[in-house]
Amino acid sequence: MAAEDLINGRCGWCGTDSLYIQYHDEEWGRLVTDDKALFEFFMLESAQAGLSWITILRKREGYRKAYYDFDVHKVAQMTEQDVERLMQDEGIVRNRLKLKAAITNARLFIAVQKEFGSFYNYTLSFLPGQKPIINQLKSLKDAQASTPESDAMSSDMKKRGFKFFGSTICYAYLQAAGFVNDHLVGCFCRK
């Protein structure tokens, strides 16, 4: 294990930034079963596409306000006027395509909930035995950007019409929401 793999007993990717450390210690890799919380992770991960995670994490409160505290039904009812309003909002990343996709994705999220009973159930359907995956990563270099599971989920989502949710973003969502535990074996959050 390289020295940069672990910093202060935690996965080295979070470095020493206090916001990153709090996210790593309190959220990342912990299984989320509540669809409201899953919708938040889903929306933030799709906003991240092409950007660094810390950029989105720093704007999380802005997204919370912009998307009605991540109320999927309110987001699904947003209109073109809402997109125009959000294009002026400095608290979020102002990308018209992503803002429009967020509305479409919210509508599709609801459709998936109706079909599977919950988005949680839908996500589990792509995992072996419908159980979270616990990886045995000894080094950050062992981490993957995508897996067959994220490929399958992303492919299905694409067929359903979801936007900004390719396999890499899908894998980041699976990690963030605890469907995959990629904490390094030496990290104190692994348990």
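All values below were derived from every heavy atom in this structure, side-chain atoms included, with hydrogens, water molecules and symmetry-related copies excluded. Here the structure is a predicted model, which is why all the values come from computation and not from measurement.
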Rounded distance [0.5 Å steps], CG in Leu51 versus NZ in Lys59:
10.0 Å

What's the spacing between Asn8 CG and His24 NE2 if we round to 0.5 Å?
11.0 Å

Derivation and outcome, side chain to side chain contact (heavy atoms under 4.5 Å, CB included), residues Thr168 and Ser150:
CA-CA 7 Å; Thr168 299; Ser150 67; over 6 Å; no

Whether the side chain of Asp142 engages the backbone of Ser139 through a donor-acceptor N/O pair (distance < 3.5 Å, no angle test) should be reported.
yes

Do the ring centers of Phe179 and Phe126 come within less than 6.0 Å of each other?
no

Rounded to the nearest 0.5 Å, what separation is found between the OG1 atom of Thr55 and the CD1 atom of Ile92?
14.0 Å

Working to the nearest 0.5 angstrom, can you tell me the gap between Ile54 CD1 and Tyr23 OH?
10.0 Å

Asp71 vs Phe39 side-chain heavy atoms within contact, under 4.5 Å:
no

Provide the closest heavy-atom pair for Thr79 versus Ile103 in the form atom of the first, atom of the second, distance.
O-CD1, 4.1 Å

Has the side chain of Arg30 got a donor or acceptor atom that lies under 3.5 Å from a matching backbone atom of Asp25?
yes

Closest non-hydrogen contact found for Cys14 with Cys11 is SG-O, 3.2 Å

Is the shortest side-chain heavy-atom distance between Asp151 and Ser146 below 4.5 Å?
yes

With a 4.5 Å cut-off on side-chain heavy atoms, are Phe70 and Val75 touching?
no

Treating Asp182 as the side-chain partner and Leu137 as the backbone partner, does any N or O pair qualify as donor plus acceptor under 3.5 Å?
no

Quick check against the 3.5 Å criterion: does Ser125 have a side-chain atom that pairs as donor or acceptor with the backbone of Tyr122?
yes

One should read off an interatomic distance between Met78 CE and His73 NE2, to the nearest 0.5 angstrom, of 15.0 Å

Exercise: identify the closest heavy-atom pair between Pro132 and Gly178
CB-O, 3.8 Å

Does the gap between the ring centers of Trp53 and Trp13 come in under 6.0 Å?
no

If hydrophobic clusters are built by linking Ile, Leu, Val, Met, Phe, Trp and Tyr wherever their side-chain heavy atoms come under 4.5 Å apart, do Ile21 and Ile7 end up in the same one?
no

Check whether Phe188 and Ile134 end up in the same hydrophobic cluster, where Ile, Leu, Val, Met, Phe, Trp and Tyr are linked by side-chain heavy atoms less than 4.5 Å apart.
no

Do Met153 and Leu31 sit in one hydrophobic cluster, given that two such residues count as connected whenever their side-chain heavy atoms are within less than 4.5 Å of each other, even indirectly?
yes

Validation row, ring centre Phe165 to ring centre Phe162 under 6.0 Å:
no

Report yes if the side chains of Glu80 and Lys100 come closer than 4.5 Å at any heavy-atom pair, otherwise no.
yes

Quick check: closest heavy atoms across Asn121 and Ser118, and the distance to 0.1 Å?
N-OG, 2.9 Å

Say whether, by atom type as modelled, one donor and one acceptor occur between the side chain of Lys98 and the main chain of Ala47 under 3.5 angstrom.
yes

Indicate yes or no: at least one non-hydrogen side-chain atom of Val72 is less than 4.5 angstrom from one of Tyr67.
no

Note: Arg85-Asp82 ion pair, threshold 4.0 Å (strictly below):
yes

Looking at every non-hydrogen atom in both residues, tell me the closest pair between Val32 and Tyr120 and how far apart they are.
O-CD1, 3.5 Å

Starting from Phe164, can I reach Leu57 by hopping between I/L/V/M/F/W/Y residues whose side chains sit under 4.5 Å apart?
no

Check ion pair Glu84-Arg96 (N to O, under 4.0 angstrom)
yes

Could you grab the distance from atom CD of Glu149 to atom OG of Ser167, nearest 0.5 Å is fine?
9.5 Å

Quick one: are the ring centres of Phe109 and Phe119 less than 6.0 Å apart?
yes

Applying side chain to side chain contact (heavy atoms under 4.5 Å, CB included) to Gln136 and Val185, what does each step give before you reach the verdict?
CA-CA 6 Å; Gln136 303 294 321; Val185 293; 3.8 Å; yes

Are the side chain of His183 and the backbone of Trp28 linked by a donor-acceptor contact shorter than 3.5 Å?
yes

Quick check on side-chain contact (heavy atoms from CB on, under 4.5 Å): which of Ile133, Val180, Asn181 does Leu174 satisfy it with?
Val180

Heavy-atom side-chain proximity of Arg160 to Glu115 below 4.5 angstrom:
yes

Test log, rule side chain to side chain contact (heavy atoms under 4.5 Å, CB included), inputs Ser46 and Lys163:
CA-CA 8 Å; Ser46 63; Lys163 306 283 186 221; over 6 Å; no

Selection residues 32-54 - residue pairs positive for salt bridge (charged side-chain N to carboxylate O under 4.0 Å, His left out), sequence neighbours left out:
Lys36-Asp69, Glu40-Arg60, Glu40-Arg64

Hydrophobic cluster membership, with links at side-chain heavy-atom distances under 4.5 Å among I/L/V/M/F/W/Y: are Leu97 and Met87 in one?
no

So, do Leu86 and Arg94 sit near enough that their side-chain heavy atoms are less than 4.5 Å apart?
no

Check whether any side-chain heavy atom of Tyr173 sits under 4.5 Å from a side-chain heavy atom of Thr123, and report yes or no.
yes

Which is it for Leu108 and Ile110 under the side chain to side chain contact (heavy atoms under 4.5 Å, CB included) test, yes or no, and what are the steps along the way?
CA-CA 5 Å; Leu108 295 168; Ile110 292 168; over 6 Å; no

